[in-house]
Undergrad: 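First, the structure itself, so that you have it in front of you.
Sequence lines set the chain letters: A, B, ... in the order given, protein chains first and strands last, and positions in each chain run from 1.
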Amino acid sequence: MRLDSNFFSRDVLEVAPELIGCILVRRFDDGSISRHVISDIEIYRGEEDMACHASKGKTKRNAVMYEGGGLVYVYFIYGMHWLLNVVTGGLNNPQAILIRGLHDCSGPARITKKLLIDGTFYAEDLTTSSRLWIERGSPMIYNVGPRIGVDYSGDYWKNVPWRYFVGSDPALTLPKKNS
DNA sequence: CGCAAGATTGGC
DNA sequence: CCAATCTTGCGT
């Protein structure tokens, strides 16, 4: 069953725990469909969160985070990678969940590469889109830890345990950037 | 207008 | 350890 706007419109702290174990579904142009269990995510919540792109106020890039929950926020980073986020919460309450890993694909940029997701998905509506949506899955046990790659955000925000992941930490096998 | 840095990855 | 590669945000 596809997740609807009622699911995404709640506060990100309520949505995130339930998103673990859900199914990310991509329908490609040729009609083929791939389904992947969401197993690694990060929470970005409000302008007060110094690691969130909304911490500097509304800009052209992050504007979709100020819209209602259920939309896609994708952005280009490091000159080569697209990262996929799901917007949650209500109007003018900027928050989103970064999809960091799937059961068979770990790494936020690897996911968009594998699923062919780019800038054309900016503000895509997950509740009505015919090429990308999320289905309810089975609840899963997960671990929590600090978010990856946000050391610039200060002592408090870089240590908030807003990363949820299933199983052993996939980031430990990637180049380490934590201290 | 110039420039530094980024919610990363893969290669040396 | 470091280059790739380009948009964004901020300073001049």
Undergrad: Considering only the P atoms, how many Å lie between C:dT5 and B:dG2, rounded to the nearest integer?
TA: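 It works out to 22 Å between them.
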Undergrad: I need the A:Asp169 CG to A:Asp40 CG distance, nearest 0.5 Å.
TA: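 One finds 7.5 Å between CG of A:Asp169 and CG of A:Asp40.
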Undergrad: Salt bridge (Lys or Arg N to Asp or Glu O under 4.0 Å) with A:Asp104: which residues, sequence neighbours excluded?
TA: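 Testing A:Asp104 for salt bridge (Lys or Arg N to Asp or Glu O under 4.0 Å), a comparison that skips the adjacent residues, returns A:Lys114.
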Undergrad: Between A:Arg147 and A:Glu42, does a salt bridge (Lys or Arg N to Asp or Glu O under 4.0 Å) hold up when you go through it step by step?
TA: CA-CA 6 Å; A:Arg147 294 172 290 182; A:Glu42 281 178 2; 5.7 Å; no
Undergrad: Nearest-Å distance, CD (A:Glu42) to P (B:dG6)?
TA: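 After rounding, the gap between these two atoms is 15 Å.
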Undergrad: Give the rounded distance in Å between these two atoms: NZ of A:Lys113 and C1' of B:dG10.
TA: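 Atom-to-atom, A:Lys113 to B:dG10, this comes out as 9 Å.
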Undergrad: Dot-bracket, DNA chain C: Watson-Crick or G-U, under 3.5 angstrom, [ ] crossing, | other strand?
TA: ||||.||||||.
Undergrad: Testing A:Leu98, A:Asn62, A:Ile97 one by one against A:Tyr44 for a side chain to side chain contact (heavy atoms under 4.5 Å, CB included), which residue passes?
TA: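 The option that passes is A:Leu98.
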Undergrad: Classify every nucleotide of nucleotides 6-12 of chain C by which part a protein heavy atom approaches to under 4.0 Å, writing B for the base, S for the sugar-phosphate alone and - for neither, in 5'-to-3' order.
TA: B--SS--
Undergrad: If I compare all heavy atoms of A:Asp49 with all of A:Ile43, which pair ends up nearest, and what's the gap?
TA: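 Looking at all heavy atoms of both residues, the shortest contact is OD2-O, 4.3 Å.
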Undergrad: Show me, pair by pair, the donor-acceptor contacts under 3.5 angstrom made by side chains of residues 17-31 of chain A, not counting sequence neighbours?
TA:
residue, atom, partner, partner atom, Å
A:Glu18, OE1, A:Arg10, NH2, 3.1
A:Glu18, OE2, A:Arg10, NH1, 3.0
A:Arg26, NE, A:Leu115, O, 2.7
A:Arg26, NH1, A:Arg131, O, 3.4
A:Arg26, NH2, A:Leu116, O, 3.1
A:Asp30, OD1, A:Ser32, N, 2.8
A:Asp30, OD1, A:Ser32, OG, 2.7

Undergrad: Any donor-acceptor pair, under 3.5 Å, between the side chain of A:Tyr75 and the base of B:dA7, if you only look at N and O atoms?
TA: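 Donor-acceptor pair under 3.5 Å: yes.
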Undergrad: In whole angstrom, what separates A:Met65's CE from B:dA7's C1'?
TA: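 Rounded to whole Å, this separation is 10 Å.
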Undergrad: Less than 3.5 Å apart, which donor and acceptor atoms pair up between the side chains of residues 134-144 of chain A and the rest of the protein, not counting sequence neighbours?
TA:
residue, atom, partner, partner atom, Å
A:Glu135, OE1, A:Arg35, NH2, 2.4
A:Glu135, OE2, A:Trp133, NE1, 3.0
A:Asn143, ND2, A:Gly167, O, 2.7

Undergrad: To the nearest angstrom, how far is A:Trp82 atom CH2 from B:dT9 atom P?
TA: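 Value for this atom pair: 16 Å.
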Undergrad: A:Leu83 has an atom CG; how far is it from atom P of B:dT8, in whole Å?
TA: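 Result: 6 Å.
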Undergrad: With sequence neighbours excluded, what pairs up with A:Phe76 under the ring-ring contact (aromatic ring centres under 6.0 Å, His included) test?
TA: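 Scan of A:Phe76 (ring-ring contact (aromatic ring centres under 6.0 Å, His included), adjacent residues dropped) gives A:Trp82.
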Undergrad: If I take atom CZ in residue A:Arg110 and atom P in nucleotide B:dG11, what distance separates them, rounded to the nearest angstrom?
TA: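 It works out to 10 Å between those atoms.
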